[in-house]
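What follows is a single structure, written as structure tokens, with notes after it.
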Amino acid sequence: MRLSRYFMPVLKETPAEAQIASHRYMLRAGMIKQSAAGIYNWLPLGLKVLRKIEQIVHEEQAKAGHIPILMSTVQSADLWRESGRYDAFGEEMLRISDRHGRDMLYGPTNEEAVTDIFRAHVNSYKDLPLTLYQIQWKFRDEIRPRFGVMRGREFLMKDGYNFDLTKEDALHAYNRHLVTYLRSYERMGLKAIPMRADGGAIGGDYTHEFLVLAQTGESEVFYDSQVTDLTFGDRKIDFDSVEECEAVLQEFTSRYARTDETHDEALFNEIPEERRATARGIEVGQIFYFGTKYSESMGATVVDADQKQVPVHMGSHGIGVSRLLGAIIESSHDDKGIIWPEGVTPFHVGIVNLKQGDDAADAACEDLYKAFVKAGLDPLYDDRKERAGGKFATMDLIGLPWRITVGPRGLKNGVVELTSRKTGESEELSPEAAIAKVVEIYAAH
Ligand code: ATP
Ligand code: MG
């Protein structure tokens, strides 16, 4: 993309309403524009990152055999009356009535809707296990929407639902989700720690929240500092293997790590003192096994091998897709702007022409641009007639991991400058070597 032809409405001033870095930078970089409290329009740069996050989520769900669907955002209240949640959900639910006076709502979550699909089409244990998921907009009328996309009212969530014959099978599905979530967050450049969460009204021990440590996080968390050393990395997992998935759960959840809701001071004090850590965290996902709660109330049963009708065991598993933009920026920025991890960056590399209109500089930039496109990368070429300082400030703000600076003086010596946004370090390379290096870096992502 050439910046002169793009739509990236960068703001010079820091918007007064933004209290935290991610919100400030998303507004300043022209990624989002508020449409009402807690509701946002996604502008091109923001949409690009949102789509990258979605793509990672889809790819990791596919590896585990989970199947994408797309459910409606507007739902009928009657379904929610069946589960008993129409009244229980309270003021967070956006209630609508249609022209016939029928009660509708904008979905805050989809357990009822997916259970309705399941019961209409699945009758036999032979069709299990089954996990359906979607990435779809949700609406929760949060009492205090704030921090931009972090706590919105309309937000994008990946929500997945497993249907299994037995509790054991459902717990295997739970473990599969844990594995896919660990991998997804790491690909986004995040360390998200699974922490034991509160089962809430549904109860039960089988729920973990994934938290990204950040000063601006809304949850207080307590953990054994050893959990921060764990990484999932590039391991290959056989998702059909109960043992392999269970082993990952054990590895990542056996040390103490809890949010304030489930924190147990006595257990915490059993950790050697130098490893006891307290911090704040951003919840970027949650997995949940809840047994037959919805299948019993809504009649989602299958016939088992003995021809008996039994309710299926279910769980639901969410990732805060739009909140993740905020979480990633909170954990990766400096006072100049965003520092995108390579896995989610809106453009792979920025090209800055120091002297637009200079024949040699223009030609070298065009060549770089074409070479990156040919290599399958997505460059952003700042071809505006602006002074260098302004171009650098924009590149720093939008946070592309790599920048190539091209100017007449360097070109005389046959070099351009390749700069890392993260370390600020630059090296002079021939254009060919700079291209090769950037291509190689992204080959790993
Ligand atoms: P919270 O405790 O932050 O209100 P939750 O536990 O109610 O979230 P879940 O039902 O677990 O949310 O939803 C799955 C994921 O969706 C959460 O882990 C979070 O990342 C994201 N999410 C929930 N509420 C919001 C919101 N208001 N804005 C943006 N993302 C949200
Ligand atoms: Mg949650």
Side-chain angles (χ1 to χ4, degrees), residues 20 22-23 26 32 34-40 42 46 50 53-54 56-57 61 73 85 88-94 106-114 133-161 174 177-178 180-182 184-185 188 190 192-202 204 206-214 216-221 258-262 280-290 293-294 314-331:
I20 62 172
S22 56
H23 189 194
M26 287 184 76
I32 51 171
Q34 184 174 307
S35 91
I39 307 177
Y40 290 89
W42 292 79
L50 195 68
I53 293 173
E54 286 183 68
I56 290 174
V57 170
Q61 291 307 302
T73 51
R85 284 210 295 182
F89 219 90
E91 297 210 281
E92 270 193 19
M93 181 183 275
L94 181 65
Y106 196 110
T109 178
N110 281 55
E111 281 81 4
E112 285 78 359
V114 79
Y133 79 94
Q134 66 171 352
I135 297 179
Q136 178 62 295
W137 294 94
K138 306 285 183 288
F139 196 97
R140 294 182 187 173
D141 206 351
E142 301 275 356
I143 189 158
R144 225 151 70 85
R146 57 184 187 148
F147 298 162
V149 299
M150 290 263 245
R151 183 163 296 284
R153 293 197 295 166
E154 186 182 64
F155 60 98
L156 191 59
M157 194 205 286
K158 173 267 173 186
D159 44 324
Y161 306 88
Y174 183 92
H177 281 88
L178 180 113
T180 61
Y181 282 24
L182 289 172
S184 300
Y185 298 126
M188 298 169 200
L190 286 175
I193 303 168
M195 300 202 179
R196 190 184 161 128
D198 186 0
I202 303 163
Y206 302 103
T207 177
H208 285 90
E209 289 175 349
F210 292 77
L211 284 112
V212 171
L213 301 182
T216 47
E218 291 183 298
S219 319
E220 193 175 10
V221 298
R258 295 190 184 193
T259 62
D260 44 7
E261 284 171 0
T262 53
R280 301 200 68 82
I282 302 167
E283 182 193 328
V284 292
Q286 182 163 19
I287 53 177
F288 215 125
Y289 163 72
F290 49 69
K293 175 180 157 79
Y294 297 94
M314 293 174 59
S316 65
H317 316 279
I319 292 183
V321 172
S322 51
R323 177 180 287 181
L324 272 164
L325 276 98
I328 292 168
I329 298 172
E330 285 304 315
S331 59

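Nothing fancy with the numbering, it's 1 onward along the sequence. Counting convention: from 1, in listed order, for ligands and their atoms alike.
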Fill in the blank from the handout: Ranked by distance from atom 21 (C) of ligand 1, the top protein heavy atom is G320 CA, 3.6 Å
Completion exercise
atom 4 (O) of ligand 1: closest protein heavy atom, distance to 0.1 Å, is R151 NH1, 3.0 Å
Practice task
Look at the side chain of T207 and the backbone N and O of I287, then say whether any donor-acceptor pair between them is shorter than 3.5 Å.
Solution key: yes
Practice task
State whether the side chain of T262 and the backbone N or O of R196 hold a donor-acceptor pair below 3.5 Å, judged by distance alone.
Solution key: yes
Exercise for the section: Carefully, step by step, assess Y181 and V284 under the rule side-chain contact (heavy atoms from CB on, under 4.5 Å). Expected result: CA-CA 10 Å; Y181 282 24; V284 292; over 6 Å; no
Exercise for the section: Please indicate whether any nitrogen or oxygen in R153 is less than 3.5 Å from any nitrogen or oxygen in ligand 1. Expected result: no
Problem - R140-ligand 1 polar pair, N/O distance under 3.5 Å - result: yes
Practice task
Answer with side chain, backbone, both or neither: which part of V149 has a heavy atom less than 4.0 angstrom from an atom of ligand 1?
Solution key: backbone
Exercise for the section: May I have the step-by-step check of side-chain contact (heavy atoms from CB on, under 4.5 Å) for S219 and L211, ending in yes or no? Expected result: CA-CA 9 Å; S219 319; L211 284 112; 3.9 Å; yes
Handout entry: E283: its N/O/S atom lying closest to the Mg ion (ligand 2) (atom name)
Key = OE2
Practice task
For R153 and Y106, test the side chains for any donor-to-acceptor distance below 3.5 angstrom and give the result as yes or no.
Solution key: no
Problem - Any N/O pair G318/ligand 1 closer than 3.5 Å - result: no
Problem - Nearest-neighbour protein heavy atom for atom 11 (O) of ligand 1, which is reported as residue plus atom name and distance - result: Q286 OE1, 3.0 Å
Practice task
May I ask you to decide whether E330 forms a salt bridge with R280, counting only side-chain N to carboxylate O separations under 4.0 Å?
Solution key: no
Exercise for the section: Return the residue, atom name and 0.1 Å-rounded distance of the protein heavy atom closest to atom 22 (N) of ligand 1. Expected result: F155 CE1, 3.5 Å
Practice task
Run the salt-bridge test on K293 and E111 with the 4.0 Å N-O cut-off and return the result as yes or no.
Solution key: no
Practice task
Evaluate the criterion side-chain hydrogen bond (donor to acceptor under 3.5 Å, both in side chains) for residue pair Y174 and H208; output intermediate values, then yes/no.
Solution key: CA-CA 10 Å; Y174 183 92; H208 285 90; 2.7 Å; yes
Problem - Top protein contact for atom 20 (O) of ligand 1, by heavy-atom distance - result: E283 O, 2.9 Å
Practice task
Go through ligand 1 atom by atom and flag the ones less than 4.0 Å from a non-hydrogen atom of V284.
Solution key: 18 (O), 20 (O)
Practice task
Measure the distance from atom 14 (C) of ligand 1 to every protein heavy atom, then report the residue, atom name and distance (to 0.1 Å) of the closest one.
Solution key: M157 CE, 3.8 Å
Handout entry: Atoms of ligand 1 close to G285 [distance to a heavy atom under 4.0 angstrom, numbered from 1]
Key = 18 (O), 20 (O)
Problem - contact_flag M150 ligand 1 heavy-atom lt 4.0 Å - result: yes
Handout entry: Member of I193, I282, L182, L190 meeting the side-chain contact (heavy atoms from CB on, under 4.5 Å) criterion with F210
Key = L182
Handout entry: ligand 1 to G152 polar contact by distance, N or O atoms, under 3.5 Å
Key = yes
Practice task
Looking only at distances, please establish whether an N/O atom of ligand 1 is found under 3.5 Å from an N/O atom of E142.
Solution key: yes
